[in-house]
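This report refers to the structure that appears directly beneath it.
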Number of protein chains: 2
Amino acid sequence: MTSLIDSTKDRILAAAEELFARTGVARTSLRAITALARVNLAAVNYHFGSKEGLVEEVYRRRLEPLNRARLANLEQLQRRRRKPSLEEILEAFMSPVASLARDPAQGGPTVMRLLGQTHAEAEAPYKSYFAGEYKRVLDRYHAALCRVLPEIPPADVRWRLQFLVGALTYPVAERQLVELVSGESMSPDNVSQVVHRLLPFVTAGFRAPVSHAKPRRRRPPARATTPRKRQE
Amino acid sequence: MTSLIDSTKDRILAAAEELFARTGVARTSLRAITALARVNLAAVNYHFGSKEGLVEEVYRRRLEPLNRARLANLEQLQRRRRKPSLEEILEAFMSPVASLARDPAQGGPTVMRLLGQTHAEAEAPYKSYFAGEYKRVLDRYHAALCRVLPEIPPADVRWRLQFLVGALTYPVAERQLVELVSGESMSPDNVSQVVHRLLPFVTAGFRAPVSHAKPRRRRPPARATTPRKRQE
DNA sequence: CCGGGATTAAAACAATCGTTTAATGGTAGG
DNA sequence: CCTACCATTAAACGATTGTTTTAATCCCGG
């Protein structure tokens, strides 16, 4: 049976996840993985077919619960009687990230570096594979956000959703660089702190009026730079 | 002298930049670079010592002007009589990115993908090399931002600066994924559009009051996490 | 015209990569 | 006990990697 607690397959997955998160997929050899997992080299090709199959499985087992949690959070929010607020929607999107980092059974802090690497891996074949369900998640949130932000054009809501993903991903993925620059240490607990600190930032960002000044058009920019309070 | 317009060194740099931006450093072989540049394979080791030397030079020649422009913009802003506004500071930080993308002599749209890859390359040795001057830039901006945001604790300003970098980097680096998800095309002109759309977002984000609630005892809006067990 | 450092060229280097093959261990069912 | 099947092991495969070597070529000052 494959459901033993410490099976070869699981040890390979754990070792691969650790190394992928640390040095990326391309720089991680199968020999490094099997050495860390203390299994035979050929076990990877036996259980996963190829390195690409292993990569796909490593990411799938983390991204799938994340997407599912995000969708479930949003649906639960919309099943309520009251109309969800902007802040609630944004928290529903970001909180599963912190939950994953908190739970060692779901990867713990390691999975966060892995998620950062997900966006980093260029031209990954598995990327287009997961882009489908990821797009579905973003589409749902886009619709929900447009509903609570009627004064923001949907295209701008789309962009701001991308900004949110970037702001959420970068400090987690670039843990080393952030630590080096900011001096602060990013312990696993701090990952939820990132979400917590990011929430008011993006909430205000989504509510901001869109700038209507085109780079082409030459409107007098002196008035445009003066801060106008347009929040409700 | 080696400063001829179409020297071997320049062609190697251009080809390496193109391929690094497209598929990352680890997945790009020297043979692919020299084939694209139509130079001999050994020319790389002759002119740059090693592949790592080439990588370092490729990034240095783009990151150095970017850091310099950001510092120059901030200094020019502070030399004025009037106290700079928050929006002006943020635009001083972000606008050099759009300038680089607009100018083909400075890399054009390719350099943007390269910058995205910069943060993506995990455990890069050249990273710590450039982290020094990058930290200097961030420190200057952090001080300037704290001055116009006295009500925000400096630690939060530091975090929000990281959020800004993430929101700025991600849509540019993940061009393919963003296009796939949002449907919009990211032409070189659109890079400056990203900066333009991001400015009001982050301006409002920096002004947002910090959340004083503790992450421990926070009212959960919807907790659908821990969706399933791993083992069957 | 010549000579010599700088540059380019072709070829081979050792090392590492992902993958495959063949042999072995171990266990459940007949 | 044997067979069939799954899992694991050791060993080698061919291909590709970055790098080095060696020779040929260029280019310019004398």
Side-chain angles (χ1 to χ4, degrees), chain A residues 1-60 117 121-127 129, chain B residues 1-20 22-60 117 121-127 129 230-232:
Chain A
M1 302 290 282
T2 61
S3 61
L4 281 180
I5 54 166
D6 212 29
S7 72
T8 302
K9 216 169 173 178
D10 290 335
R11 288 220 307 280
I12 292 176
L13 282 174
E17 178 175 279
E18 167 66 27
L19 293 178
F20 287 168
R22 192 187 303 167
T23 51
V25 172
R27 286 186 164 86
T28 301
S29 68
L30 292 185
R31 284 170 175 84
I33 294 173
T34 54
L36 180 61
R38 294 199 315 274
V39 300
N40 189 269
L41 170 64
V44 172
N45 289 276
Y46 177 80
H47 286 287
F48 301 96
S50 63
K51 181 184 182 181
E52 191 177 311
L54 170 63
V55 172
E56 198 169 304
E57 180 66 19
V58 166
Y59 279 95
R60 192 195 57 77
Q117 290 277 343
E121 296 289 338
E123 211 170 281
Y126 50 90
K127 207 178 235 177
Y129 182 81
Chain B
M1 294 296 283
T2 61
S3 61
L4 280 180
I5 53 166
D6 212 32
S7 71
T8 300
K9 216 168 174 179
D10 291 335
R11 289 219 304 280
I12 292 176
L13 282 174
E17 179 175 275
E18 167 67 27
L19 293 178
F20 288 168
R22 194 187 303 169
T23 51
V25 172
R27 287 185 164 87
T28 300
S29 69
L30 291 185
R31 284 169 176 84
I33 295 172
T34 55
L36 180 61
R38 295 198 315 273
V39 300
N40 190 269
L41 171 63
V44 171
N45 289 276
Y46 177 79
H47 287 285
F48 302 96
S50 64
K51 182 184 182 181
E52 191 177 312
L54 170 63
V55 173
E56 198 169 305
E57 180 65 19
V58 166
Y59 280 94
R60 193 196 56 76
Q117 292 276 345
E121 298 289 339
E123 212 170 279
Y126 50 92
K127 208 177 233 178
Y129 182 81
R230 167 74 192 123
Q231 326 167 9
E232 179 264 341

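Quick note on labels: first sequence line is chain A, next is B, and so on, each numbered from 1. The basis for the numbers below is simple: all heavy atoms, side chains too, and nothing from hydrogens, waters or symmetry mates.
- Considering only residues two or more places apart in sequence or on other chains, E57(B) meets the salt bridge (Lys or Arg N to Asp or Glu O under 4.0 Å) condition with R60(B).
- Distances shorter than 4.0 Å separate none of the side-chain N or O atoms of T8(A) from OP1 or OP2 on dA7(D).
- Note on H47(B): every side-chain N or O is 4.0 Å or more away from OP1 and OP2 of dA6(C).
- The interatomic distance linking L19(A) (CG) with dC17(C) (P) rounds to 12 Å, in whole Å.
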Nucleic acid footprint by protein, nucleotides 11-23 of chain D - heavy-atom cut-off 4.0 Å, B for base, S for sugar-phosphate alone
-B----BBBB---

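- In terms of heavy-atom proximity, L41(A) sits nearest to T34(A) at CA-CG2, 3.6 Å.
- The side chain to side chain contact (heavy atoms under 4.5 Å, CB included) search around A32(A) returns L19(A), S29(A), not counting sequence neighbours.
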Run the numbers on L13(A) and V58(A) for side-chain contact (heavy atoms from CB on, under 4.5 Å), then give the verdict.
CA-CA 6 Å; L13(A) 282 174; V58(A) 166; 3.7 Å; yes

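- Within the 4.5 Å cutoff, no side-chain heavy atoms of L30(B) are placed close to those of F48(B).
- Looking only at side-chain heavy atoms (C-beta outward), K9(B) and V39(B) stay at 4.5 Å or farther from each other.
- T28(A) pairs by the side-chain hydrogen bond (donor to acceptor under 3.5 Å, both in side chains) definition with T23(A), not counting sequence neighbours.
- In this view, A15(B) and I33(B), L36(B), A37(B) satisfy the side chain to side chain contact (heavy atoms under 4.5 Å, CB included) rule, not counting sequence neighbours.
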Check nucleotides 25-29 of chain D for protein N or O atoms closer than 3.5 Å to its own N or O atoms and list the pairs.
none

